[in-house]
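Since the model is a prediction, treat every value here as computed from it, not as a measurement. In what follows, chains carry the letters A, B, and so on, assigned in the order in which the sequence lines appear, proteins first and then strands, with residues in each chain numbered from 1. Below, each value reflects all heavy atoms present in this structure, side chains not excepted, and no hydrogens, waters or symmetry copies.
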Amino acid sequence: MTSEASRILVWDGAVRLVHWLMVVLVPLLWWTAEEGHMDWHRSFGLTMFGLVLFRLIWGLIGTWTARFAPMVRRIGSLKAYVGELRSREHGASFGHSPLASLSVFALLLVLATQVTTGLFSVDVDGLESGPLAVLVSFEAGRQFADIHELNFNLLALLIGLHITAIAFYHFVLKEKLVGPMITGRRARAAFSDSPLPENGTRPLAMLGAAVLSLACVLAVLNFG
Amino acid sequence: MRRCKLQIILPVVAGLTLLSACGQNAETDGVSGAASVELANGMTVKEQIEARQSHLKKIGKAFKTISDQLKASSPDLAQIQAAAASVPKEATGMAGWFPEGTGPESGVKTDALPIIWEEKADFEDKVAAMQEAAVKLDTVAQGGDVAAIGAAFKTTGGTCKACHDKFREDD
């Protein structure tokens with residue numbers, strides 16, 4: 001019984017697209033910065049800025065599994081959930097588990113810090129700078145760049161933790177989480193029988209979030 | 001039992017204290033020793049390193065001003081011209097800012113790499129290239145043609161990068 005009806009939508013298209021674009025962009029951003037391809041770094045960085053912005057808006061007006069408010073409530077049962085994990089009795093969470101909710105907030109916070117500091121960063125020679133660095137002094141721009149560099153280590157750490165957690169669920173807890181992040185769907189039977197929250201797609205809200213974040217990216221791009 | 005523990009802990013604590021004290025002495029002696037050596041120009045090593053960092057920082061600031069204005073939809077020429085005029089002045093005598101003994105071996109915090117003194121001729125060529133480009137940038141800037149300023153700025157930035165890639169610690 002793996003008909004389409006028994007497989008329900010967990011992650012909507014926007015969540016998946018944003019997630020996988022970030023997976024592609026983070027290594028590219030790291031590499032372009034290491035190699036000094038700063039024009040590309042700025043373009044990719046601005047794209048990342050748009051993605052983070054979209055995801056933050058989507059966390060307010062998106063589908064149920066994308067929204068932040070249910071995740072905050074989930075964190076309330078963190079202790080119980082960790083207990084279930086330890087005794088290998090955890091049930092699959094519809095959307096983000098309490099632990100995953102924490103991870104989402106940490107990752108988004110660090111990503112938001114990274115794109116924001118990048119906008120204002122200035123290199124040590126005053127030759128390269130983020131699109132909004134005009135607004136700050138050379139010294140302040142250097143401080144933004146220092147935070148940008150330090151914060152990247154935090155981002156790398158969180159990504160490492162994220163991948164380790166996925167591997168732990170896969171190999172130890174025998175719960176496959178990558179597939180649903182690609183297809184968006186998971187068997188209804190994986191979740192408890194109690195009714196699940198309404199998680200229907202919201203095309204209008206999606207369009208609104210996309211237009212708003214794109215407008216912000218264009219505003220930054222044409223600043224000055 | 002308690003005495004036994006104390007017998008172990010006391011020497012360990014004493015040893016660690018001694019070690020850390022030694023470490024500190026060695027470090028401060030090393031730094032202040034080489035850092036306070038007087039150079040032929042009358043400056044100490046530390047003063048020389050700080051002086052060149054201050055010059056280079058002013059150049060960085062001037063570059064940011066130029067780069068900011070070049071990005072603007074309507075660049076402020078007066079700001080560009082003032083900044084461009086300051087660069088050749090700040091860069092005067094640059095090769096002389098790096099006398100022997102002012103590298104990282106002095107213990108003073110510096111990104112200058114020892115290869116500067118191993119390949120002095122190449123270093124001096126690269127410094128001269130920068131100074132030449134900076135003079136041109138100033139001349140072009142006073143002319144007021146924004147497109148030409150952009151090109152000259154790029155050339156000047158390239159001469160900075162050429163030297164930094166080889167002779168400066170990665171940022």
Exercise for review: Determine whether more than 12 heavy atoms belonging to other residues, nucleotides or ligands lie under 6.0 Å from atom CD of A:Glu84.
Suggested key: yes
Check your understanding: Got a sec: does the NZ of B:Lys46 have more than 12 other heavy atoms crowding it under 6.0 Å?
Key -> no
Review point. For atom NZ of B:Lys154, is the number of surrounding heavy atoms from other residues, nucleotides or ligands below 6.0 Å larger than 12?
Key: no
Check your understanding: So which bits of residues 126-154 of chain A come within less than 4.5 Å of chain B, counting non-hydrogen atoms only?
Key -> A:Gly126, A:Leu127, A:Ser129, A:Gly130, A:Pro131, A:Ala133, A:Val134, A:Val136, A:Ser137, A:Phe138, A:Glu139, A:Arg142, A:Glu149
Review point. Within a reach of under 6.0 Å around NZ of B:Lys89, are more than 12 heavy atoms found that belong to other residues, nucleotides or ligands?
Key: no
Review point. Can you tell me if CH2 on A:Trp40 sees more than 12 non-hydrogen neighbours from other groups inside 6.0 Å?
Key: no
Practice item. Taking atom NZ of B:Lys109 as the centre, report whether more than 12 heavy atoms of other residues, nucleotides or ligands fall under 6.0 Å from it. Key: no
**Study point:** Interatomic spacing from CG in A:Asp125 to SG in B:Cys163 - rounded to 0.5 Å
**Key:** 10.0 Å
Exercise for review: Name the region of B:Lys57, side chain, backbone, both or neither, that has any atom closer than 4.5 Å to a heavy atom of chain A.
Suggested key: both
Point to revise | A:Val124 and B:His164: CA distance, side-chain angles, deciding distance, side-chain contact (heavy atoms from CB on, under 4.5 Å) verdict | key: CA-CA 11 Å; A:Val124 66; B:His164 289 162; 5.8 Å; no
